[in-house]
Amino acid sequence: MRIVVQDAPFDFGAEAAAFAADRRDMGAIVTFTGVVRDSDAGDLQAMEIEHYPGMTEAALADIATQARTRWSLGDVLVIHRFGRMTPGEPIMMVATAAPHRKDAFEAAEFLMDYLKSRAPFWKKEHRAGQADWVAAKDEDEDALTRW
Amino acid sequence: MRIVVQDAPFDFGAEAAAFAADRRDMGAIVTFTGVVRDSDAGDLQAMEIEHYPGMTEAALADIATQARTRWSLGDVLVIHRFGRMTPGEPIMMVATAAPHRKDAFEAAEFLMDYLKSRAPFWKKEHRAGQADWVAAKDEDEDALTRW
Amino acid sequence: MDVLYFAWVRERIGLPKERIETQAETVADLVAELCAREDRYAAAFADLSALRVAVDQKLTGFDAPLEGAREVAFFPPMTGG
Amino acid sequence: MDVLYFAWVRERIGLPKERIETQAETVADLVAELCAREDRYAAAFADLSALRVAVDQKLTGFDAPLEGAREVAFFPPMTGG
């Protein structure tokens, strides 16, 4: 299990390759990557992510440990950035390795659902002349009820 | 949309990185990779995959097109190998890009469920002195009923 | 018509592909014709529930008509992914 | 006790962290104390349903006791991922 919280960009392909390498006993690897999505108007200049140092790492480790308890997993990776990033840049990724695909998929979705609403990150969108905090969505909170 | 059927190994990290690159309008990228899993006894020498040239490509394209009809997707990638491979080698991968994570996850799971039971591939496991065709699992056929 | 066999169906029948002249109206009729020919066919087609069939590279059922078909393939349930 | 503010709560109150000496028994008591101090606190805490609280870096509710707590943090619903 590896949890990384950093402001530096990360190399999604290299992380995915390293995570998947030499998994002779894990038939299924799932990755999810969140990318800074431009606004529909195409005017997003930057996404800024604030976090709560200390609690962030603890919350992510707790979520990953819960996933390992609930599903048969060989390994879990969570990388989440904070600071300023531009459209097209990866914000975060999770990866799961499991003997079977159902466990790998469900655990990755569980990690994402919890990470969205239970890890202390806050997004702010910067457009020309204005900056707005992204509001939490009811559907993200509702997504937790399925687990 | 890209469908690849080949006997050569593929570089999962490089394919994942290329697929995820420059997705300014897609917030969510999901990948699934299937890896040759060793037997519990650790005696699997090779996995051999037979396929039906022509029908394979058509079936994969049809499954990917169905996914694009059912979910809001920006792109779909399917790579599937045939021939002989050893434990730890990637057999296949799918990747989906979508504005939102729910679409990316569901479409990737749909692709996998259909690809398991509706694309003309057959696996044979080689162990010391014997080779056995892998039997289809009822649970893989049952997985289709959820879509 | 080209008839193709894959996986253990291919192994049991002993060849991957053959050209067959037939007046069979459905896949089931073709199977009956083949089974009447030689034991290896009868052995391969003994349990149709363990087999799948594609006509012109599309999955279909054993009651599918063969009129106009150029290619019929028999194989076990698929195990991709 | 250290009190931390994040995102728009931090912006409204005007600082990320402060040390507060308090006898408040619960988080709600602490919020009432802060609101009584200055308008910017009252503005930040006007709608508690729009806020979340962590005591010693664990998410909890506004009725949570503060006995022994070293750090309390207030912030809006999280938007990670």
Side-chain angles (χ1 to χ4, degrees), chain A residues 10-40 42 44 47 74 86-102 104-106 108-113 115-116 123 137 139-140 142-143 146, chain B residues 10-40 42 44 47 74 86-102 104-106 108-113 115-116 123 137 139-140 142-143 146:
Chain A
F10 65 92
D11 182 334
F12 165 60
E15 294 289 351
F19 184 82
D22 277 329
R23 300 271 180 209
R24 290 171 63 96
D25 52 350
M26 296 291 132
I29 316 282
V30 169
T31 73
F32 176 92
T33 315
V35 173
V36 178
R37 190 159 68 94
D38 203 348
S39 63
D40 292 339
L44 186 71
M47 173 80 85
T86 53
E89 277 190 72
I91 300 170
M92 52 74 61
M93 73 175 284
V94 302
T96 55
H100 302 289
R101 76 183 188 286
K102 189 167 183 290
F105 268 122
E106 285 189 4
E109 290 190 70
F110 170 89
L111 288 169
M112 284 308 304
D113 284 349
L115 200 151
K116 278 263 166 191
K123 292 195 183 102
K137 287 182 198 139
E139 68 191 63
D140 284 333
D142 294 347
R146 65 171 162 156
Chain B
F10 65 92
D11 182 334
F12 165 60
E15 294 289 350
F19 185 81
D22 278 327
R23 300 272 181 206
R24 291 171 62 98
D25 52 349
M26 296 291 132
I29 316 282
V30 169
T31 72
F32 176 92
T33 313
V35 174
V36 179
R37 191 158 69 93
D38 203 349
S39 63
D40 292 340
L44 186 71
M47 173 80 83
T86 53
E89 276 190 73
I91 300 171
M92 51 73 61
M93 72 176 285
V94 302
T96 55
H100 302 290
R101 78 183 185 286
K102 189 167 183 290
F105 268 122
E106 286 189 4
E109 291 190 70
F110 170 90
L111 289 169
M112 285 308 304
D113 283 350
L115 199 151
K116 278 261 166 192
K123 293 197 182 99
K137 289 181 198 141
E139 67 192 64
D140 284 332
D142 294 347
R146 64 171 163 158

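Throughout, protein chains are lettered first and strands after them, A, B, ... in sequence-line order, and every chain is numbered starting at 1. Source: prediction; values computed, not measured.
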Give every donor-acceptor pair under 3.5 Å between a side-chain atom in residues 94-101 of chain B and any protein atom, sequence neighbours left out.
{"from": "B:T96", "atom 1": "OG1", "to": "B:A104", "atom 2": "O", "distance (Å)": "2.8"}
{"from": "B:R101", "atom 1": "NE", "to": "A:D113", "atom 2": "OD1", "distance (Å)": "3.4"}
{"from": "B:R101", "atom 1": "NH1", "to": "A:D140", "atom 2": "OD1", "distance (Å)": "3.1"}
{"from": "B:R101", "atom 1": "NH2", "to": "A:D113", "atom 2": "OD1", "distance (Å)": "2.7"}

Legend entry - Pairs involving residues 87-96 of chain B, ordered by first then second residue, that meet salt bridge (Lys or Arg N to Asp or Glu O under 4.0 Å) (sequence neighbours left out): B:R81-B:E89
Inset, instruction - Heavy-atom distances under 4.5 Å only: say whether A:A14 touches chain B with side chain, backbone, both or neither. - result: neither
Inset, instruction - Considering only heavy atoms, give the residues of residues 17-27 of chain B separated from chain A by less than 4.5 Å, sorted numerically, with 'none' for an empty result. - result: B:A17, B:A20, B:R23, B:R24, B:D25, B:M26, B:G27
Inset, instruction - Tell me, for A:V36 versus chain B, whether the close heavy atoms (under 4.5 Å) come from the side chain, the backbone, both or neither. - result: backbone
Inset, instruction - Heavy-atom pairs under 4.5 Å with chain A are the metric here; pick the option from B:T86, B:L44, B:T31 that has the most. - result: B:T31
Legend entry - Parallel, tilted or perpendicular, as decided by the 30° and 60° cut-offs, for the rings of B:F105 and A:F32: parallel
Inset, instruction - Could you tell me which residues satisfy salt bridge (charged side-chain N to carboxylate O under 4.0 Å, His left out) with A:K102, sequence neighbours excluded, listed by chain and number? - result: A:E106
